[in-house]
Structure formats: structure tokens, C-alpha cells
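Everything on this sheet refers to the single structure shown next.
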Amino acid sequence: MIKDFVGRYQTMKGYKVIRKAGWDTHGLPVELGVEKKLGISGKQEIENYGVEAFIKQCKASVFEYEHKWRELTEAIAYWTDLDDPYITLQNDYIESVWNILATIHDKGLLYRGHRVSPYCPDCQTTLSSHEVAQGYEDVKDLSATAKFKLDDSGEYVLAWTTTPWTLPSHVALAVNPDMEYARVQQEDGVYIVAKNLVENVMKGEHTVLSTLKGSELVGKTYAPPFTFAKPAKGNIIVGASFVTDASGTGIVHMAPAHGEDDYRACRENGISFISVVNAQGRYTDEVTDFAGRFVKDCDLDIVKSLSEKGLLYSKEKYEHSYPFCWRCKSPLLYYAMESWFIETTAVKDQLIENNNSVTWYPGHVREGRFGKFLEDLVDWNISRNRYWGTPLNVWVCESGHQFAPHSLAELREHAIGEVPEDLELHKPYVDEVKVKCPHCEGVMQRTSEVIDVWFDSGSMPFAQYHYPFNEDNKFEQQFPADMICEGIDQTRGWFYSLLAVSTLFTGKAPYKAVMATGHILDENGQKMSKSKGNVIDPWDIINEYGTDAFRWALLADSAPWNSKRFSKGIVGEAKSKVIDTLVNTHAFLTLYAGIDGYDPEVHGFKGSDNKLDRWIVSRLNSLIQVVDKGLGVNDFLNSAKAIETYVDELSNWYIRRSRDRFWGSGLGEDKLAAYGTLTHVLLTLSKLMAPFTPMLAEDIFVNLGGGESVHLADFPQADESLIDKTLEQDMETARQIVELARNVRNETAIKTRQPLSELIVSMDRDFNLADYEDIIKDEINVKRIEVETSDSGFVDFNLKLNLKVAGKKYGKKRRFPARLPERDVQR
């Protein structure tokens, strides 16, 4: 809705706003939906069903709910071209993505490597770092401190782990060679831990026998806790600088299949690599005690097994932040796998520089949440071992040479055999294309992976126009975007992928400004979810209160980057205070104008000498200044509040004080001035409110003869010659006097219909009462008004001693003076 709002406002300001809709159609959620529909699960069953048949099912499913999105889009008055959207599954879009990735490959920034990557065993694919960042949850896991018996001395080295399930994959221990360790005596033996952690680790009575450097432990061998898989070289203590005494025991259990530091340290020390966990996250058959079980479910049993063997020193629940799959909510595992990576770390400085050129709303995100993410950047894991996605456009021969075509035409040029011009660029069709290696004349086959869907999304500025293959220059006209808008949770998603793709491809930022919006919460400030039963159906709101009230409540309730509480009550209040008030004002004008035969095209707005007319027109032009200035910096909140105040003034003061003018007989000059003023005000107000309430604004604008459509009109410009600040201030003073007097009547239970003889007003500024005396008398039903410049004759002061202050100053035992110094008296 904010995207629509900004587009409408900027269009009325004279800018060209292309309203192109888009559909992100690839990805795992589509696959999972099709699996559920077909009653299958997992990659093996997909292969058995048939990849081609599965891909056809995926393609057919992506537009299953398109009509519902179209209906809702139109219902909320989101003005966008749904008939000519970009669609990520189309060949033109994919070809542009291929061109971008091939260009990155040309720059030497796309590589294949083994790395320990976060992996979803349910989805059976790796995730990129910015995907992982979206799925962390605070959980309590079982941690264990295990005993590793040294072969030479029989002493025990203690190592702590928060992932007991990785112990069957254990191959080594790591110590910091430069750190001090302690040999600690207890009844059942001698234990070795970091010197600074002795008191944290050791349970019960203990004695420190001696200390030693970590380097003295390096090279020692020990008995492993499990022997399901035996490494050719392993169960050795190695030195590693990443080991610290900040937590645990200062000694790290190493499972290179499941830890990046472990993998690197073991490789550097020639330690064997073993993995006993399959692609489903289950132990392989060689782990006989736990074979076939999901590893995270085995923590407790593994700890029990350690205890039974006498190799468990201690266990405890450990609360920490753990990554879960942002799609399916399965706990992620870390696997050493072969994947394709984009070397984003090579352009880290450029990414940061580009980000610094962007205006962020709110501003703190640039250096804060987003900036810190860029500072900790790692290479982008770009490949996914799935089916429904943009195929990774790299062909490889047996010698390891690579070919990355920029286009279908380039692929056809190098292909072995005929390739149709309309080849569908999806699996399994592109997999059938073989290429002659330009380096060794060998046969090249496409690598089997598809591209991360976030790369699809990040390619949108280019691929939506089939750049660089389309020659209509639409891309050049639209790049970079003036502003993009999405929820704050897209900081490490869409915002990052757009910036990364554009920086890698062009070296430039793809947008000038970013608005990161807050979440919509329920009325109690809780996140909406089906499980909590607090989700609000937008159709219920629209059907009951209308689109304009729905939009006003969302846009005008708080700053767009703040999370906002939302309920039917808030929408109902917006309808009552703003929408209905304006509807009634419009109805008032059309009713009496129709009776009197007033025609705005004949009579028009010619200005007026009437004080109320001059005041409401002055306020209107002041309002235009406030709203235009606010919207220029995306301040929807204060702009909306200013409009809301004006609508109230228009209805409850201007029309209220002008009723006799509209009700009078004939069509004299004063009545024409009133009709002309109110028509002018409503026409202008409809243009001011068009981005907020497009349907009501259109109704008023067209009905009062404003033109073909309010959304084709220019945004109003203030006429400063019509602004009279003194008049506005004096009228506001008169209104305040009336409001205060009404409050006094209410407090004393004296109804307005009972006339009073006198109203005394105490003021500390100049006010020409004579100009407003009749209005105030009429509103308050009072015969005479007196203005006083001092309230001394009307206010009695009762002074009460502040005992806390006086006691400190004078002491408890001192008698207080009969009269306190004036500086000690608090009113």
C-alpha cells in the first residue's frame, strides 16, 4: 500500500511512474506445495515421479492464486499493471539472469568450492548467509562436556559441545597453542581444561596440580567417544588460533563435516574427513546405535551413551540462538558440501560505499542493521540442489573447464547438435544441451544446480526489461530506482540481493532510497499468526469499513518504519473521524447546491471578503505547505494528522459557522462566495488526499467537476498570497475560547441552551475580541465577554509544604519557619 501511495503522490508531482507488477515464481515453497499436492516427499520421490512432469506441475501451480491476488490488489486500490508483469519463470527474465551471472563469472567472481554451509535437511538444500540470518530463534539445547582419555598419561581432556549429535563425526581436538591450561585433580582422575575456566568447569572439590601451554598438548592422541567411523588419521590434538577461553573448556571437539573452523583446521593438519550424516539429516547405517534417526533428535541419547561409557563429565541445558530454515522452520545443520559461490567479499568495500550513497528510512538502518551485515559479509552461496528455479548457467567438462553462456543464442552457438530457438530455460530441458569445450574439445555438461531465488529477485531491475537484449531503453530510464519499499525483515533479503547483484554487475547501487517498513501487529502489540488466532482478514475490514478507511488507518496511524498495532477499532475510528466527516461535508454541499442551482463551472471560485471564507482558504494553503513538505520526505504520519485536523475544522467550524449562509433564501453574493469557497476547498482537499484515499478523492473530484480524474491532476501548490497567519491564529484563539468555555459548562453541568450573562477570558497576548465576539457569544450562548490580562483576581493559591525537600534542607528536628522563603515554595 505504501508503494501505491508513493507512486500516486509522485505521479501527481509530475514524475513518470511505471507501475509494473511482478511475480516471483521460482523456489522451494512452490516445490513443497506441489509435493504436498502429489502426495510425495523428498528428492528421491521427485526423481521417481519424473523431473519434467514435476517441473510442469510447478509451472502450472504458480498462478493458482493469481486471481485472488488480483482481486485484493484492486480492492485496496493498488494501482499497478497486472496485465503486463515481469515473471521470473519466463525465458526473457531467465536470460537476463544468465547474462548477469555469466558477467560475474567473466570477472572471476563465481567459483565452485567445498565449504561448510548451512543446510536444511528437510528442503535438502544449502542456504546463503542472508537467508540464514532471517531464521534465528532462541532455543534451549542439551550441551555436554565429554571426557577424552589421553593415550600416554590416562588423564582426561575435557571438551564442551552444544551439538552432541556431531560427536559420532568427531576426528580431533583443538587447543590454542599460546593459551595456558591446567591439570586439575579430582577423586576420579586428572582433567585438563583452560586455566581461566577451571572454576567454571569443575564440579565439586578439586585441586590444580600444574599448568602447561597448549603447545605441550599438540600432537597427543586419545581415545574417541565413539568409533562408528574410524578416520585414517585422527584422534589427535591440534593447535588452532580460533580456540579461546571465553566459554566452554578452552578445548574444542572437531567434526570437520559440520563446522567451518573444524573443516579448515583439520585440512591444514592433514586430519581425515568423515561424515556419518546423510542428506536427510539422518545418521548413516555405520552409526549402528542411531542409524536412520534425525540427528537433532539424538542429543539426549548420545549424552546417555557417553554417561554409560563413563565419558560424560557434565551436562546442562544451554540457551542460545540457533538457525532455522526461513521457509520450513526445520533446524539447520552445517555440512561440508560442494557448492557454487559468488565472491561477494571481493566487492565488500564497493557494497559499503554504494550503501553509504543510499538514503534510508529510518536512517539508522544504513549504518546499523544493514551496515553491520555488510561488515560481516561472507561469500554468497548461490547454488541450490533443487529443481524448480533458474538453472545455473555453467557447463563443465571432465577437465574442469567452465563455460558460462550469457544468452540462449550463445548457448546455441557452442552447443553440440541442434538447439531450438525457443528452448525452455528450465530443468530438465537445458540439461539435455551438451557443449563443446572451447579449451580442450571435450564434452561439457551443465552443472545440476539451480540458482538461489534471491539472485532472481535481485536481478529484477535488469531482468524485468530483458536487459541487455531489449532495445527500448526502458531499463536506462528506470535505473537506479528513486526508492524501494519493503518490510524491515527484507534487510538481509531483497534489499541486500538487489544491492549485491547490481554492485557485482554494474558497480552501482540499484536504488537511491530505501524505506524499511515496520510489521503490522495485533491490537495488543503481538505479531499476527494463524496459530495465535489473531490474524485480521483484510477482506473483513474492506467489506465493513471500505477501502479508504482501511488505507487511512494503515498510512496515517504511525510512521511507516514503525511497527503498528492494527485492529478493526482503529479502522472504524478512521472511518468515523475522517472518511465519514468528509463524505458528509461533500453531501452537505451537493444537497444545498442542487437545491439552489449552484453550478461551479458557471459561478466558479472568485475569492471572498468573508472572514470565515478567508480563514478556511488560508488554512487550506497552509495545509498544502505542511503536507507537500512532509510527503517530500516520506512523512505520511504528520501529513495525515494535519489533514485530519483540517477536515475537523472544515466540518465542525467552517460549515457550522456558515450554515445560515447556505440556508438563506436566494443566491446572493454571500451564498455564492460560500458555495465557491467550499467547492474550491473540497476539490483541493480531494487532490491532497488522493494518495491516501483514492476512491473518495476520485468521487469528490469528479462529482464537483474537477476533471477526468483526480489521479491525473497535479498535486496542489500553495498560494502564499492567500495565507494570513494572523487570521489563522486569531481564529484558533476564538475556537480555543469556545472549547474552554464549553468545558466549564460541562464541568458545572450548565447546558449550552441556558444563557449566561458574562464570560471572562484571561489572556496574555493581544486579541481583537471585537472581530470574533459575535461568533463566541453565539457558540457559548453568553451575553457579554470580558477580557482580562491577569488571572490574579480569579485564582486562589493553596501552598503545601513539600516535606521531602524541606526535611533535607532544614532537618527533621528543626522547627520550620512560619513563612518559607519564596525559593522553597513549589506550586
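If you read the sequence from its start, that first residue is 1, and numbering goes on from there. Values below: all heavy atoms of this structure, side chains included; hydrogens, waters and symmetry mates excluded.
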For the residue pair [X] and [Y], establish whether any side-chain heavy-atom pair is separated by less than 4.5 Å.
X	Y	answer
Asn235	His170	yes
Leu173	Lys220	no
Glu31	Ile46	yes
Phe148	Leu311	no
Pro168	Ile302	yes
Asp452	Trp380	yes
Val171	Ser272	no
Arg112	Thr447	yes

For [Y], does its backbone N or O pair with a side-chain atom of [X] as donor and acceptor, under 3.5 Å?
X	Y	answer
Gln186	Lys203	yes
Asn269	Ala265	yes
Tyr496	Gly458	no
Lys348	Glu375	yes
Thr162	Ser143	no
Thr249	Leu158	yes
Arg282	Ala291	no
Lys107	Leu504	yes

Asp456 vs Asp24, side chain to side chain contact (heavy atoms under 4.5 Å, CB included): CA-CA, chis, key distance, verdict: CA-CA 8 Å; Asp456 269 8; Asp24 287 344; 5.9 Å; no
Which atom pair, heavy atoms only, marks the closest approach of [X] to [Y]?
X	Y	answer
Asn381	Trp340	OD1-O, 3.6 Å
Leu351	Ala500	CD2-CA, 3.7 Å
Leu392	Ser383	CD1-CB, 3.8 Å
Ile192	Arg183	CG1-CG, 4.2 Å
Ala182	Val198	CB-CG2, 3.8 Å
Asn176	Tyr181	N-OH, 3.0 Å

Salt bridge present between Asp141 and Lys296 (N-O < 4.0 angstrom): yes
May I ask you to decide if the ring planes of [X] and [Y] are parallel, tilted or perpendicular, using 30° and 60° as cut-offs?
X	Y	answer
Phe370	Trp360	tilted
Phe324	Tyr322	perpendicular
Tyr49	Phe54	perpendicular

Should we say atom [atom1] of [X] is surrounded by more than 12 heavy atoms from elsewhere, each under 6.0 Å from it?
X	atom1	result
Asn48	CG	yes
Lys309	NZ	yes
Lys140	NZ	no
Lys315	NZ	no
Glu338	CD	yes
Glu137	CD	yes
Lys213	NZ	yes

Point-to-point distance, once rounded to the nearest 0.5 Å, from [atom1] of [X] to [atom2] of [Y]:
X	Y	atom1	atom2	value
Ser497	Gln490	OG	CD	8.0 Å
Leu212	Lys195	CG	NZ	11.0 Å
Thr166	Asp262	OG1	CG	8.0 Å
Ile382	Ile104	CD1	CD1	7.5 Å
Ile271	Phe273	CD1	CZ	13.5 Å
Phe373	Phe495	CZ	CZ	13.0 Å

Worked verdict on Tyr191 versus Tyr313 for ring pair (Phe, Tyr, Trp, His ring centres under 6.0 Å): CA-CA 10 Å; Tyr191 298 96; Tyr313 183 79; 5.1 Å; yes
Step-by-step side chain to side chain contact (heavy atoms under 4.5 Å, CB included) determination, Phe228 to Asp289: CA-CA 9 Å; Phe228 299 120; Asp289 293 352; 3.6 Å; yes
Option among Asn354, Asn355, Thr344 that satisfies the side chain to side chain donor-acceptor pair (under 3.5 Å) test with Thr503: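 For Thr503, the side chain to side chain donor-acceptor pair (under 3.5 Å) check succeeds only for Asn354.
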Side chain to side chain contact (heavy atoms under 4.5 Å, CB included) evaluation trace for Glu45 with Glu35: CA-CA 9 Å; Glu45 293 189 26; Glu35 286 185 41; over 6 Å; no
Candidate list Tyr263, Tyr334, Trp165, test ring pair (Phe, Tyr, Trp, His ring centres under 6.0 Å), partner His258, passing option: Trp165
Evaluation steps, side-chain hydrogen bond (donor to acceptor under 3.5 Å, both in side chains), between Thr345 and Asp379: CA-CA 6 Å; Thr345 51; Asp379 287 348; 2.6 Å; yes
Pair Leu306-Leu167, side chain to side chain contact (heavy atoms under 4.5 Å, CB included): steps then yes or no: CA-CA 10 Å; Leu306 288 175; Leu167 287 171; 3.7 Å; yes
Tyr387-Glu47 side chain donor-acceptor pair, cut-off 3.5 Å: yes
